[in-house]
Amino acid sequence: MMIIGCDFHPSWQQVSWLDTETGETGEQKLVQSAGDAERFYRQLPAPALIGMEATGNCHWLVDLLAELGHELWVGDAAQIRASCVRQQKTDRRDAEHIRILLQEGRFPRIWMPSSEVRDLRQLLLHRYKLVTIRARVKNELQHLCLNQGVQRKHKLWSQAGQKVLRELPLKPWAARRREDLLGLLAMLDQQIDPLDRAVKEEAQRDKMALLLQTQPGVGGVTALAYVLTIGEVSRFPRGKQVASYLGLIPREHSSGGRQKLGAISKQGNRMLRMLLVEAAQTAVRLDPGLRKEYLHRCHQKPKAVAKVAAARKLAVRLYWMLRTQKPYPEVVRIESSPRVPLVGAS
């Protein structure tokens with residue numbers, strides 16, 4: 001069996017291999033554009049064990065190795081680097097270090113989604129990017145109105161508000177900017193609408209997403225994004241680990257018995273974190289328990305802090321719903337108990 005450590009880069013990859021039957025080792029630089037990587041992996045006898053750090057722009061390699069019958073392990077980049085004591089860092093040493101971790105059984109493997117899940121994530125990501133652009137276009141139109149002394153806020157997007165916007169007396173270049181922005185807004189609306197329908201259809205087909213939608217304030221977009229991002233819920237023994245995974249816990253720099261907390265770490269999926277904050281603002285209006293905690297925290301902390309705290313609470317509750325397969329409101333009675341077993345656990 002071949003064990004291969006791969007230091008992946010968008011243009012090339014450095015590999016270090018070991019043949020466990022003969023003990024032979026070697027290394028090679030594979031240039032992607034020249035087709036070296038595909039030729040190298042195709043000539044390997046399957047199944048080979050290949051390890052690499054978690055990185056972007058590598059989906060083609062993941063799909064290729066799956067097609068060829070090889071086993072790919074993706075590892076935590078920070079833990080891989082922390083396990084190397086040498087101060088010298090090169091591509092050759094990185095590839096060899098990954099290969100040694102695989103040999104010794106110390107490779108910090110992480111969960112990887114399937115190709116179907118990755119494709120559904122692209123649907124959510126594409127919608128999120130277009131919605132972000134649309135929000136920026138709307139903000140620019142709001143500024144045009146404010147510079148003319150007109151403040152309509154969300155009412156600017158009503159039929160009456162649109163009439164006011166189009167009838168504003170603007171100078172030539174400002175008027176040109178208004179027309180271009182309105183054209184962009186119409187085009188984005190046309191592109192986002194079918195994406196919204198596709199997301200809702202996928203959320204209706206996924207039983208886990210349907211379960212999460214029983215929580216007030218959680219719609220199809222948030223539920224589907226949560227299911228696709230969290231993946232196998234058994235990866236997280238506790239709800240606190242889910243909050244940490246999503247970047248909803250504070251940074252901490254404590255020493256000498258003195259605790260010092262900062263802002264949230266934001267070390268997670270930015271899109272899901274934004275969706276949870278938006279969903280939490282709706283949930284605090286519809287869920288009595290969340291509303292009580294939110295209002296209590298507003299007396300002690302700024303409202304923005306209370307919103308993020310509500311999003312963290314919501315993220316942990318959704319985790320418990322997946323873990324116990326209990327819908328709202330049954331999950332409220334058990335979410336704080338640490339002794340609830342995993343679904344299917346013996």
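Quick caveat, the model's predicted, so the values are computed rather than measured.
- A search for side chain to side chain contact (heavy atoms under 4.5 Å, CB included) contacts involving Val74 returns Met52, Ala54, Leu72, Ile110, Met112, not counting sequence neighbours.
- In this structure, the side chains of Thr25 and Ser16 stay at 4.5 Å or more apart for every pair of heavy atoms.
- Considering every non-hydrogen atom in both Pro113 and Val117, the closest pair reads CB-CG1, 3.7 Å.
- Arg197 is linked by a side chain to side chain contact (heavy atoms under 4.5 Å, CB included) to Asp193, Pro194, counting only residues two or more places apart in sequence or in another chain.
- Residues Lys313 and Glu293 are in side-chain contact: their nearest non-hydrogen atoms beyond the backbone lie under 4.5 Å apart.
- Defined by atom type and a distance below 3.5 Å, a donor-acceptor pair is present between the side-chain atoms of Ser83 and His97.
- Residues forming a side-chain hydrogen bond (donor to acceptor under 3.5 Å, both in side chains) with Asp7 (at least two apart in sequence, or on another chain): His9.
- Nearest heavy atom pair, residue Thr229 against residue Tyr245, reads O-OH, 3.8 Å.
- When side chains are defined from C-beta on, Leu18 does not count as touching Ile100, because their heavy atoms never get closer than 4.5 Å.
- In the model, Gln28 has no side-chain atom that pairs as donor or acceptor with a side-chain atom of Asp36 under 3.5 Å.
- Among residues two or more places apart in sequence or in another chain, the side chain to side chain contact (heavy atoms under 4.5 Å, CB included) test is passed with Pro250 by Leu261.
- When the ring-ring contact (aromatic ring centres under 6.0 Å, His included) test is applied to His296, no partner is found at least two apart in sequence or on another chain.
- Contacts classified as side chain to side chain donor-acceptor pair (under 3.5 Å) and involving residues 260-279 (residues at least two apart or in different chains) are not found.
- Dense packing is recorded around CZ of Arg109, with more than 12 heavy atoms of other residues, nucleotides or ligands lying under 6.0 Å away.
- A salt bridge (charged side-chain N to carboxylate O under 4.0 Å, His left out) check over residues 138-158, counting only residues at least two apart or in different chains, returns the pairs Glu140-Arg177.
- Side chains of Glu38 and Leu64 form a contact here, defined as non-hydrogen atoms less than 4.5 Å apart.
- When all heavy atoms are compared, the tightest approach of Ala315 to Tyr226 is O-OH, 2.7 Å.
- Leu49 belongs to a hydrophobic cluster with Met1, Ile3, Trp73, Ile80, Ile98, Leu101, Leu102, Phe107, counting contacts under 4.5 Å between side-chain heavy atoms of Ile, Leu, Val, Met, Phe, Trp and Tyr, direct or through other members.
- At a threshold of 4.0 Å, the pair Glu202-Arg205 counts as salt-bridged, since one of the basic side-chain nitrogens sits closer than that to a carboxylate oxygen.
- With hydrophobic clusters built from ILVMFWY side chains whose heavy atoms lie under 4.5 angstrom apart, Leu275 does not share a cluster with Ile230.
- Transitive grouping of hydrophobic side chains (ILVMFWY, heavy atoms separated by less than 4.5 Å) brings Ile50 and Val62 into a common cluster.
- A cation-pi geometry, defined here as NZ or CZ lying under 6.0 Å from the six-membered ring centre and within 45° of its normal, does not hold between Arg238 and Tyr319.
- The salt bridge (charged side-chain N to carboxylate O under 4.0 Å, His left out) contacts involving residues 49-71 comprise Arg42-Glu67, Asp63-Arg118, where partners must be two or more places apart or lie in separate chains.
- No more than 12 heavy atoms of other residues, nucleotides or ligands shown are found within 6.0 angstrom of CZ on Arg92.
- Contact record, Ile4 with Val15: CG2-CB, 4.0 Å, taken as the closest heavy-atom pair.
- For Val284, the side chain to side chain contact (heavy atoms under 4.5 Å, CB included) partners are Leu290, Tyr294, Ala310, not counting sequence neighbours.
- Counting non-hydrogen atoms of neighbouring residues, nucleotides and ligands closer than 6.0 angstrom, the CD atom of Gln300 exceeds 12 such neighbours.
- Counting only N and O atoms by type, the side chains of Gln13 and Gln32 include a donor and acceptor under 3.5 Å apart.
- Among all heavy-atom pairs drawn from Arg285 and Arg291, the shortest one is O-NH1, 3.1 Å.
- Residue Trp320 forms a side-chain contact (heavy atoms from CB on, under 4.5 Å) with just one option from Leu322, Thr324, Leu318, and that option is Thr324.
- Applying the 6.0 Å contact sphere to CZ of Arg258 captures no more than 12 heavy atoms from other residues, nucleotides or ligands.
- Heavy atoms of other residues, nucleotides or ligands lying less than 6.0 angstrom from CD of Gln87 number 12 at most.
- Smallest separation of non-hydrogen atoms from Gln79 and Pro108: OE1-CB, 3.4 Å.
- At most 12 non-hydrogen atoms from other residues, nucleotides or ligands lie less than 6.0 angstrom from CD of Gln190.
- Take Asp19 and apply the salt bridge (charged side-chain N to carboxylate O under 4.0 Å, His left out) test, not counting sequence neighbours, and it matches no residue.
- Evaluation of the salt bridge (charged side-chain N to carboxylate O under 4.0 Å, His left out) rule for Glu232 yields no partner, not counting sequence neighbours.
- Pro216 has its side chain out of reach of Thr282: every pair of non-hydrogen atoms, C-beta onward, lies at least 4.5 Å apart.
- Counting non-hydrogen atoms of other residues, nucleotides and ligands closer than 6.0 Å to CH2 of Trp173 gives a total of 12 or fewer.
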